2 protein chains.
Amino acid sequence: MRFDPHHHHHPGPEGGCCLGGRLRGFLQPCLLLLLSQGASHGYELMERLARDPMLPHADPGLLYRTLRQMEAEGWVTSTWDTEGQGPARRRYTITEEGLEFLRVWAARLAAMRADIDAFLERLERDMGARQDQ
Amino acid sequence: MRFDPHHHHHPGPEGGCCLGGRLRGFLQPCLLLLLSQGASHGYELMERLARDPMLPHADPGLLYRTLRQMEAEGWVTSTWDTEGQGPARRRYTITEEGLEFLRVWAARLAAMRADIDAFLERLERDMGARQDQ
DNA sequence: AGCCTATATATGTTTTTGTCATATATACAC
DNA sequence: GTGTATATATGACAAAAACATATATAGGCT
């Protein structure tokens, strides 16, 4: 079966992380997380994202562009890989700066989690009070 | 002292929620939360956001446009308020649909929180393993 | 009257991010 | 050859946010 990016339709609550599309720039740490486990190329990263229930699906256009941007930023480096069958792959490797950026994202996410908690608590209190009326 | 939207510069970790700007469309539930506590107008909402350490600061342009959008969506209604001194205010009142939308956001935030947890846990495991090498 | 500040709303432009569609090329199976 | 899988890339567009600016009312001060 061909990998079809148009079979996206977020199948519901069963699988797929809901942060993609909502949390700005979240694709970058997701790609860095995968690359921290070993070098890879765009098509494979796309498949790994699609298979992984903890990570959001990515549009191919966005994915390839994001990888190029990350290279420009210095988070990854790339080399052409012509070994193996099929068309040439651009093989991406994470850099030390990329790992550092991933740690920055971790701190950012922890802070966001705290903010979400505070917001939800307040909402619950307010909405609860509203029902009591 | 005049209310200056350009004194934004996110003063650091001391105050202000970091979700603004990162979480797409988050301004809407923030405004609805404030409006659920009573009708208000744009300028006042802006000041309340700026004062509230749990909510993100909003650019005036974005805030007024967002309020008009929310009215088009049916989450709020507005009437001109010419009482009191100064220029006329557009007074916004939350609707039943607005409250419902706020509940939808609550569910969305809870799901995002869970996804952040999962991501951070995995990151910690992976980065921990990397250090052990 | 003229000027400044506070109050209040609104529009215009640009950047970033994400979505959707499409183009291009290699290689293998039939 | 035709079709499918693999692989990368670009173009057009939409939404949200950031940044800049425009407009108007009203009160205080000189």
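Convention: sequence-line order gives letters A, B, ...; per-chain numbering from 1. Only a predicted model underlies this, so the values are computations on that prediction, with no experimental measurement involved.
Annotation: side chain to side chain donor-acceptor pair (under 3.5 Å) contacts of Gln37(A) (sequence neighbours excluded): Arg48(A), Asp126(B). Listed by chain and residue number, nothing satisfies the ring-ring contact (aromatic ring centres under 6.0 Å, His included) test with Tyr64(A) (two or more places apart in sequence, or in another chain).
Regarding Leu62(B), its CG atom lies at a distance of 20 Å from the P atom of dA8(C), rounded to whole Å. Counting to the nearest Å, the C1' atom of dG18(C) and the NE2 atom of His57(A) are 16 Å from each other. Straight-line distance from the CE atom of Met46(B) to the C1' atom of dT9(C): 9 Å, rounded to whole Å. Per the geometry, CG belonging to Leu27(A) stands 11 Å off P belonging to dT17(C), to the nearest Å. In this entry the distance linking CG of Leu63(A) with P of dT8(D) reads 9 Å, nearest Å. Across the protein-nucleic acid pair, Trp80(A) atom CH2 and dA7(D) atom P stand 12 Å apart, rounded to whole Å. When the C1' atom of dA21(C) is taken as reference, atom CG of Asp59(A) falls 9 Å away, rounded to whole Å. Rounded to an integer number of Å, the gap from CD of Glu47(A) to C1' of dA7(D) is 10 Å.
Using a 4.0 Å cut-off between a side-chain N of Lys or Arg and a carboxylate O of Asp or Glu, Asp117(B) and Arg113(B) qualify as a salt bridge. A salt bridge does not link Arg90(B) with Asp81(B): every distance from a Lys NZ or Arg NE/NH1/NH2 to an Asp or Glu carboxylate oxygen is 4.0 Å or more. A salt bridge links Asp52(A) and Arg122(B); the closest N-O separation between the charged side-chain nitrogens and carboxylate oxygens is under 4.0 Å.
The hydrophobic clustering, which links ILVMFWY residues whose side-chain heavy atoms are closer than 4.5 Å, places Met54(A) and Leu34(A) apart.
Taking both residues in full, the closest heavy atoms of Ala58(B) and Leu49(B) are given as CB-CD1, 3.6 Å, listed atom of the first, atom of the second, then distance. Closest of all the heavy-atom pairs between Leu67(A) and Gly42(A) is CD1-CA, 3.8 Å.
Only at 4.0 angstrom or more do the heavy atoms of residues 98-113 of chain B sit from any atom of DNA chain D, so none qualifies. Contact check of residues 30-42 of chain A against DNA chain D (heavy atom, cut-off under 4.0 Å) returns His41(A), Gly42(A). Listed by residue number, Arg65(B), Arg68(B) are the residues of residues 65-73 of chain B with a heavy-atom contact under 4.0 Å to DNA chain C.
By the 4.5 Å heavy-atom criterion applied to side chains, Cys30(A) and Pro56(A) are counted as neighbours. Using a 4.5 Å cut-off on side-chain heavy atoms (C-beta onward), Leu123(B) and Leu109(A) make no contact.
Other residues, nucleotides and ligands contribute more than 12 heavy atoms inside 6.0 Å of the CD atom of Glu100(B).
Nucleic acid contact class of Leu23(B) (heavy atoms, under 4.0 Å, all strands): sugar-phosphate only. Residue Gly25(A) is classed as a sugar-phosphate contact, given heavy-atom separations below 4.0 Å to backbone atoms only.
Between dA10(C) and Tyr64(B), no contact under 4.0 Å exists linking OP1 or OP2 to a side-chain N or O. For the OP1/OP2 pair of dT7(C) and a distance below 4.0 Å, the side-chain nitrogens and oxygens of Tyr43(B) include at least one atom meeting the criterion.
Between Arg91(B) and Arg24(B), the residue anchored closer to the 5' end of DNA chain C is Arg91(B), taking for each the nucleotide with the nearest heavy atom.
The backbone N or O of Ser78(A) lies less than 3.5 Å from a partner atom in the side chain of Glu71(A), making a donor-acceptor pair. In this structure a side-chain-to-backbone donor-acceptor pair under 3.5 Å is present from Thr95(B) to Gly74(B). Looking at Asp115(A), its side chain does come within 3.5 Å of a backbone N or O of Cys18(B) through a donor-acceptor pair.
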Next item on the list: At under 4.0 Å between heavy atoms, which parts of nucleotides 24-30 of chain C does protein reach? Answer with one letter per nucleotide, 5' to 3': B base, S sugar-phosphate only, - none.
Entry: --BS---
